[in-house]
Amino acid sequence: MPSMTEAAAMTSPMILADGIRKRFGANEVLKGVSLTLAKGEVVAVIGPSGSGKSTFLRCLNHLETIDAGRIVIEGDTLADNDAGGHARYVADAELRRICARMGMVFQHFNLFPHLTVLQNVIEAPITVKGIKREAILPKAEELLKKVGLLDKRDAYPSRLSGGQKQRVAIARALAMEPDIMLFDEPTSALDPELTGEVLRTMHQLADEHMTMLVVTHEMGFAREVASRVVFMDGGELIESRPAAEFFANPQHPRTRAFLDSML
Ligand SMILES: Nc1ncnc2c1ncn2[C@@H]1O[C@H](COP(=O)(O)OP(=O)(O)OP(=O)(O)O)[C@@H](O)[C@H]1O
Ligand SMILES: [Mg+2]
């Protein structure tokens with residue numbers, strides 16, 4: 001039987017991004033970004049505005065296409081370089097199958113305004129996965145209970161606070177049973193008193209060993225919940241280290257300057 005470390009080495013990373021390049025016109029916004037996430041890792045991505053954090057996240061689940069590099073999700077290749085160094089994607093069906101393993105939560109909740117909370121949560125499992133309404137209902141209710149919103153199941157999003165909307169958005173993403181959750185500044189549109197409830201929900205997910213990649217400016221969250229913190233600046237990944245080390249002893253001058261500016 002293989003030892004624990006051998007067994008761990010044999011398991012594919014949940015996310016492998018290698019040398020990701022992306023430009024918008026003349027503006028190269030990702031200049032060869034590489035990052036690997038193991039199962040159950042919670043990685044916080046921090047960095048100044050415009051450094052490419054959102055673009056990187058969006059490239060991982062094909063909301064943006066990459067120009068060069070390799071993306072492998074749970075051992076399955078999404079995109080890889082051809083002989084000329086240009087990224088080539090796998091066929092559409094395979095691409096959709098792989099991207100379905102990633103749930104994403106945005107800064108602006110993007111709930112369907114004309115659907116109730118419950119309808120928002122069950123919509124994609126029914127329309128995308130073809131699951132029957134009766135079959136998804138218990139799961140949806142369980143998820144709403146988990147995010148503390150079962151009593152709001154029949155409310156429309158306009159009647160919810162920002163924090164409640166964001167928790168519905170999280171429940172909605174989880175209803176697709178993703179293996180990986182990507183968060184892009186999930187609390188930055190919220191009043192400070194509402195961020196706590198969303199961070200608690202994310203904390204709970206982390207405790208359940210969900211693999212999470214979280215773009216955030218919540219240093220407290222990064223410090224307490226993230227296993228690793230990554231600093232991006234100018235389209236480059238400058239530093240990636242265990243959270244405690246990252247904050248106690250940042251190595252790169254740009255990281256130090258950024259952390260100083262956050263205080
Ligand atoms: N769809 C797009 N078309 C053209 N340029 C874009 C597009 N999306 C992003 N950019 C540019 O790419 C760069 C990186 O943007 P990105 O949104 O990834 O940064 P960010 O680190 O998430 O910033 P913030 O902290 O403000 O959210 C910026 O210069 C931005 O203007
Ligand atoms: Mg962003």
Side-chain angles (χ1 to χ4, degrees), residues 15-37 42-71 73 78-79 86-87 89 95 99 102-111 162-163 165-166 169-170 173 180-192 194-195 198-199 202 212-223 225-226 228-241 243 246-247 250 252-263:
I15 299 177
L16 186 159
D18 186 24
I20 305 302
R21 291 184 175 273
K22 169 73 180 171
R23 58 168 67 246
F24 292 109
N27 187 12
E28 189 171 30
V29 298
L30 297 176
K31 299 173 181 165
V33 175
S34 302
L35 182 68
T36 303
L37 262 77
V42 178
V43 174
V45 181
I46 66 171
S49 183
S51 56
K53 307 181 298 294
S54 296
T55 304
F56 178 62
L57 221 62
R58 293 168 61 80
C59 284
L60 291 177
N61 66 349
H62 198 242
L63 292 175
E64 301 283 0
T65 53
I66 60 172
D67 300 324
R70 184 160 68 108
I71 301 175
I73 304 298
L78 192 66
H86 300 288
Y89 282 86
L95 201 141
C99 288
M102 290 174 274
M104 183 147 178
V105 174
F106 303 87
Q107 179 176 359
H108 299 283
F109 333 111
N110 299 358
L111 295 178
K165 282 183 205 168
Q166 195 57 301
I170 293 171
I180 298 162
M181 285 286 281
L182 308 174
F183 293 86
D184 191 0
E185 304 210 36
T187 61
S188 59
L190 302 177
D191 293 334
L194 298 178
T195 60
V198 173
L199 293 178
M202 293 169 65
M212 295 161 67
L213 185 57
V214 185
V215 175
T216 185
H217 60 253
E218 295 286 342
M219 294 301 143
F221 178 84
R223 197 185 292 265
V225 183
R228 197 147 46 96
V229 181
V230 162
F231 175 64
M232 281 184 70
D233 193 11
E236 292 174 303
L237 199 155
I238 305 290
E239 188 162 347
S240 165
R241 313 185 54 218
F246 182 93
F247 288 108
H252 201 286
R254 276 150 88 180
T255 315
R256 284 201 288 272
F258 178 75
L259 288 176
D260 286 346
S261 76
M262 296 294 290
L263 296 176

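Counting convention: from 1, in listed order, for ligands and their atoms alike.
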Problem set entry | Under 2.8 Å: N/O/S of Thr55 next to the Mg ion (ligand 2) | no
Problem set entry | Shortest protein contact, atom 22 (O) of ligand 1 (heavy atom only) | Ser54 OG, 2.8 Å
Problem set entry | Proximity to ligand 1 by part of Asn27, non-hydrogen separation under 4.0 Å | side chain
Exercise. Would one find an N or O of Gly50, backbone or side chain, under 3.5 Å from an N or O of ligand 1?
Worked result: yes
Exercise. Atom 26 (O) of ligand 1: which protein heavy atom is closest, and how many Å away?
Worked result: Ser49 OG, 2.6 Å
For this session: Identify the two heavy atoms, one from Leu30 and one from Gly52, that lie closest to each other, and give their separation to 0.1 Å.
Result: CD2-O, 3.5 Å
Exercise. Which atoms of ligand 1 are found less than 4.0 Å from any heavy atom of Pro48?
Worked result: 21 (O)
Exercise. Just by modelled atom types, is the His252 backbone N or O under 3.5 Å from a matching donor or acceptor in the Glu239 side chain?
Worked result: yes
For this session: Please work out whether any backbone atom (N, CA, C, O) or any side-chain heavy atom from C-beta onward of Thr55 is under 4.0 Å from ligand 1, and answer side chain, backbone, both or neither.
Result: both
Exercise. Does Gly235 reach ligand 1, in the sense of a heavy atom lying below 4.0 Å from it?
Worked result: no
Exercise. Would a distance-only check, ignoring hydrogens and angles, find a side-chain to backbone donor-acceptor pair under 3.5 Å from Lys53 to Met232?
Worked result: no
Problem set entry | Closest protein heavy atom to atom 3 (N) of ligand 1, given as residue, atom name and distance to 0.1 Å | Phe24 CD2, 3.4 Å
Exercise. Counting only N and O atoms by type, is there a donor-acceptor contact under 3.5 Å from the side chain of Lys165 to the main-chain atoms of Asn110?
Worked result: no
Problem set entry | For atom 25 (O) of ligand 1, closest protein heavy-atom neighbour | Lys53 NZ, 2.7 Å
For this session: Ignoring hydrogens, tell whether any protein atom lies closer than 4.0 Å to atom 31 (O) of ligand 1; use the non-hydrogen atoms only.
Result: no
Exercise. Looking only at heavy atoms, which two atoms of Ala243 and Ala226 are closest? And how far apart?
Worked result: CB-O, 3.3 Å
Problem set entry | Closest protein heavy atom to atom 27 (O) of ligand 1, given as residue, atom name and distance to 0.1 Å | Glu185 OE2, 3.6 Å
For this session: Using atom types as modelled and distance alone, determine if a side-chain donor or acceptor of Ser34 lies under 3.5 Å from a backbone N or O of Gly19.
Result: yes
Exercise. What protein heavy atom is closest to atom 13 (C) of ligand 1, reported as residue, atom name and distance in Å?
Worked result: Val29 CG1, 3.2 Å
For this session: Output yes when a side-chain donor or acceptor of Arg256 lies under 3.5 Å from a complementary backbone atom of Pro250, and no otherwise.
Result: yes
Problem set entry | Heavy-atom pair with the smallest gap, counting every atom of Ala17 and Leu60 | CB-CD2, 4.0 Å
Problem set entry | Pair Ser188-Gln107, side-chain donor/acceptor within less than 3.5 Å | yes
